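Each remark here refers to the structure printed beneath this line.
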Amino acid sequence: MSAWPFGQNSSGATIGSSLISKTLDEYFHVLEHLQLPEGQLPPSIKRRNTGSDDDDENNDDYNENNDSSTLLNTIHENEPMIAHEISATNRTPLKRDRTGEQDDEIKEKDDDSKEKGNAPVYGVHDLDSKFIEKILIDPELLNELNRQNNKLLDFLCYGIFYDNKQSKTANLQYLIDQLLICCDSIDPDDKDLSLLPKDDQFFVGERDKNEEESQSTKFLRRATILSEMFSSDIWLITETLMKHKPYLDKLWSLLTHPNFNSEKSPIVSIFIKINQNLLFSKQDDYLQFILTHDTLVDDVLSHIDISMVMDFLLKLIGSDRIDSPTGIITLLRKQQMIPKLLQFFNNSQYGSDVQAYVGDFLKAIIAVSANAPLDDVSVGPNDLTRELASPQAIDMLTKIMIRERGTALNIAVSVVIELIRKNNSDYDQINLLTTTLRENPPTDRDPIYLGYLLKRFTRCLPELFQIILDIELDNSLPTRKNQLGETFKPLGFERFKIVELIAELLHCSNMGLMNSMRAERIASKRDQYRELFLQGDVVTNPNPHMVTTLHRLSINEDDTDDVIVSNENDNAINDNYNYNNNNSNDNNETNGIPTTSQSSETTKEQQLENFLNKNDDDDGEEVDESFDIPYVKDTQNEKLRKSPTIGDYYKISLYDNYIIPRILLLFLKYPWNNFWHNVIFDIIQQIFNGRMDFSYNSFLVYSLFD
């Protein structure tokens with residue numbers, strides 16, 4: 001048992017700290033008497049009656065503090081022998097007029113008891129909330145906490161009091177309830193709140209007695225003090241909060257508070273400050289608490305326009321690292337976070353600001369999930385970015401770009417560009433072409449395969465480029481004059497973003513995996529393995545829940561030519577995983593994957609072994625690189641078109657739709673737009689950097705001069 005550090009209070013202590021010490025002494029004095037069976041003297045009284053004055057003077061504080069610590073331990077280990085074991089006839093009720101009179105009454109009672117040699121008798125009404133209230137309004141409270149005042153910490157974390165109904169209430173529970181009451185009472189429209197200094201010390205210092213403040217300001221001041229206590233870097237407070245889930249539930253409930261509605265709301269900073277401290281201080285325990293929230297995604301996305309909340313969610317994602325997974329990413333995937341985020345790209349329902357917040361958050365997720373991490377913040381590739389690059393999500397994004405246009409198009413393009421840049425397969429940790437399923441079994445942290453993305457954008461490339469042509473032919477758009485007096489039609493964000501996307505897709509088409517026939521087959525098998533053995537469902541269709549959700553969230557479900565297919569056509573969208581894969585099997589087996597009907601006949605281990613035996617083999621020959629010079633000729637054109645890689649498939653579409661020459665003509669119309677020039681330069685550079693011998697890149701070079 002450690003001694004309480006009263007000695008430090010005597011040297012350089014402030015008046016406030018001495019008042020806190022006095023209040024704590026009074027509290028433990030009453031608590032000590034209530035803990036005793038009737039007629040038994042407390043240790044402090046025994047010492048006063050039998051010990052010498054000198055010994056009492058030197059040891060009284062030390063002994064009394066040790067007695068106080070044992071009292072609190074007894075309260076939490078066993079039911080204390082308090083009110084019910086003290087005869088009602090022996091109780092001496094105290095006056096309840098003022099706190100000062102109560103203290104004087106306690107002092108007088110003790111003095112009388114000393115003279116008579118009997119212990120004073122207290123009732124539970126003497127151990128009420130006045131002690132915790134005295135501590136709470138003391139201006140030195142936070143300073144004492146920062147000094148690690150052990151007696152104060154024990155009082156806050158383990159102390160109790162009795163309410164008017166003689167029910168025992170923990171001090172910490174009372175403080176949390178007071179925080180919620182204050183948050184309920186803060187008026188966000190109160191003009192006085194906007195005038196308050198941002199410095200937290202303002203809320204805990206003494207104020208001018210003549211200064212008037214509104215009720216909201218008073219509640220905000222009190223709430224800020226409480227939030228500072230809960231967010232302080234003090235082990236005992238954090239540990240006590242983490243051991244009581246009801247406490248955490250109450251603090252988390254601020255997220256759904258009616259006034260938790262804007263970046264300026266003080267409740268937002270209170271919530272973030274407390275929960276972020278718990279995340280950093282007790283990460284494992286706190287994340288276990290987070291994993292119990294079935295509505296985490298919905299609760300957080302309801303505040304998509306509050307950057308502090310989204311930053312906090314990003315910190316939760318950042319805790320789920322490859323070497324120490326926490327399950328947060330799996331939870332977010334199960335709660336359909338990616339398709340729910342894509343739902344915001346709807347110009348008729350959401351404004352440009354909200355869509356910009358969604359785009360920034362998606363790009364932040366992509367950044368921390370990069371395949372080539374640049375700092376300690378990265379968590380590497382994961383199921384969130386894999387879902388974002390899936391055929392279903394890409395179909396949703398292409399549909400958004402073509403039908404919504406405007407803000408939704410601009411932001412969706414930025415997300416796709418970031419996805420390509422942060423998942424360049426040339427820098428993957430696992431090379432699909434040099435590994436096998438046995439050597440490197442697929443995991444949820446495998447690199448992201450961009451082949452599905454490139455293939456689906458290739459299919460809708462003519463429709464995307466048609467947007468550029470429509471804008472060019474739209475005579476209703478206003479014209480402007482430059483400094484030279486020349487009249488021109490503004491380029492606009494839509495045309496700029498589409499050409500920027502074309503440039504990034506061209507860069508993607510030059511990646512090594514995009515120019516391999518085997519890579520797509522290998523990636524498909526690893527996806528099937530992941531769906532079958534990592535997500536626990538024996539199915540033939542990859543991630544049917546994603547298809548269903550995206551279909552439900554689609555912008556216009558009445559269109560017959562929807563990019564997103566209906567549930568009845570789920571097989572069709574998955575049959576297109578491989579551009580040249582015409583393999584079909586009428587048996588109840590697909591690439592070695594047993595169907596649901598077979599799952600009851602074989603064990604999971606047998607299914608795994610069967611899958612590996614049938615799929616962990618040679619995936620066919622690579623691309624034929626035997627081409628003759630010159631590269632641009634009919635025989636080579638026919639050979640490449642007969643069995644193209646995904647990279648060539650994209651370049652063939654660029655060539656057939658005359659996209660590169662049209663972009664160059666548009667380039668000449670805007671000689672003063674430097675941003676536009678950079679994008680066009682990027683396209684030309686990618687064309688010249690690509691292989692000329694065994695890819696369709698040579699035909700793109702030819703189109704530049706044709």
Side-chain angles (χ1 to χ4, degrees), residues 1-6 8-9 13-14 16-32 34-35 64-77 80 99 127-163 167-182 200 203-204 221-251 270 273-275 277-278 281-282:
M1 198 70 66
S2 62
W4 300 107
F6 277 129
Q8 62 185 352
N9 292 337
T14 63
S17 62
S18 64
L19 292 177
I20 289 179
S21 298
K22 181 181 178 182
T23 302
L24 293 175
D25 290 343
E26 294 170 357
Y27 172 82
F28 285 112
H29 185 74
V30 175
L31 182 63
E32 180 184 31
L34 292 180
Q35 287 287 105
E64 191 166 342
N65 284 312
N66 279 293
D67 295 336
S68 301
S69 64
T70 57
L71 288 175
L72 289 177
N73 291 333
T74 303
I75 290 176
H76 290 270
E77 291 174 0
T99 303
L127 197 71
D128 58 11
S129 62
K130 67 176 180 293
F131 298 103
I132 186 67
E133 281 295 334
K134 280 185 180 181
I135 296 294
L136 189 57
I137 64 175
D138 197 295
E140 285 296 310
L141 172 59
L142 296 183
N143 289 335
E144 285 299 299
L145 286 177
N146 292 331
R147 295 191 189 105
Q148 300 286 332
N149 186 325
N150 292 334
K151 193 171 185 179
L152 174 60
L153 290 174
D154 279 350
F155 169 78
L156 295 175
C157 296
Y158 300 134
I160 56 100
F161 69 87
Y162 289 84
D163 59 20
S167 297
K168 185 170 65 176
T169 303
N171 287 345
L172 195 60
Q173 176 184 334
Y174 176 78
L175 294 176
I176 294 175
D177 291 339
Q178 286 297 305
L179 174 63
L180 298 181
I181 292 173
C182 291
D200 289 335
F203 295 98
V204 299
R221 186 184 302 277
R222 187 179 178 93
T224 305
I225 295 174
L226 291 166
S227 65
E228 285 294 319
M229 294 170 60
F230 296 136
S231 62
S232 58
D233 188 18
I234 298 176
W235 175 85
L236 187 58
I237 293 178
T238 304
E239 185 74 15
T240 307
L241 289 174
M242 294 308 307
K243 286 184 177 180
H244 295 80
K245 187 176 182 296
Y247 293 172
L248 296 177
D249 288 334
K250 288 185 177 181
L251 294 174
I270 290 173
K273 183 163 51 177
I274 294 174
N275 284 274
N277 175 69
L278 295 174
S281 301
K282 298 284 292 183

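All values below were derived from every heavy atom in this structure, side-chain atoms included, with hydrogens, water molecules and symmetry-related copies excluded. Because the structure is a prediction, the values reported are computed rather than measured.
Under the side-chain contact (heavy atoms from CB on, under 4.5 Å) criterion, Lys243 pairs with Glu239, sequence neighbours left out. Qualifying side-chain contact (heavy atoms from CB on, under 4.5 Å) partners for Asn277, counting only residues two or more places apart in sequence or in other chains: Ser231, Thr238, Ser281.
Counting all heavy atoms, side chain and backbone alike, Ile270 lies closest to Ser227 at CG2-CB, 3.7 Å. Considering every non-hydrogen atom in both Ile135 and Leu156, the closest pair reads CG2-CD2, 4.4 Å. Scanning all heavy atoms of the two residues, the minimum distance from Leu278 to Leu241 falls at CD2-CD1, 4.1 Å. Contact record, Tyr158 with Thr240: CE2-OG1, 4.5 Å, taken as the closest heavy-atom pair. Scanning all heavy atoms of the two residues, the minimum distance from Leu152 to Glu144 falls at CD2-CB, 3.6 Å. Nearest approach of Ser232 to Ile237, heavy atoms of both residues: OG-CD1, 3.9 Å.
Taking NZ from Lys282 and CG from Leu248, the interatomic distance works out to 11.5 Å, rounded to the nearest 0.5 Å. In this structure, the separation between CG on Leu175 and CD1 on Ile225 is 11.0 Å, given to the nearest 0.5 Å. If you take NZ on Lys130 and OG1 on Thr23, they are separated by 10.0 Å, rounding to the nearest 0.5 Å. To the nearest 0.5 angstrom, Asp154 atom CG is 9.5 Å from Asn149 atom CG. Residue Tyr27 holds its OH atom at 13.5 Å from NZ of Lys134, rounded to the nearest 0.5 Å. Taking CD from Glu140 and CD1 from Ile20, the interatomic distance works out to 7.0 Å, rounded to the nearest 0.5 Å.
Within the 4.5 Å cutoff, the side chain of Gln148 has no heavy atoms near those of the Trp235 side chain. Using a 4.5 Å heavy-atom cutoff, the side chains of Leu136 and Arg222 are in contact. Between Leu179 and Lys250 there is no side-chain heavy-atom pair separated by less than 4.5 Å. Within the 4.5 Å cutoff, no side-chain heavy atoms of Ile176 are placed close to those of Gln173.
Aromatic ring centres of Phe161 and Phe131 lie farther apart than the 6.0 Å criterion allows.
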- Task: Please report the C-alpha distance between Ile234 and Met229 in whole Å, then the side-chain angles of each, then the deciding distance to 0.1 Å, and finally whether the side-chain contact (heavy atoms from CB on, under 4.5 Å) criterion is met.
- Result: CA-CA 9 Å; Ile234 298 176; Met229 294 170 60; over 6 Å; no
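In this structure a side-chain-to-backbone donor-acceptor pair under 3.5 Å is present from Asn171 to Phe155.
Sparse packing is recorded around CG of Asp233, with 12 or fewer heavy atoms of other residues, nucleotides or ligands lying under 6.0 Å away.
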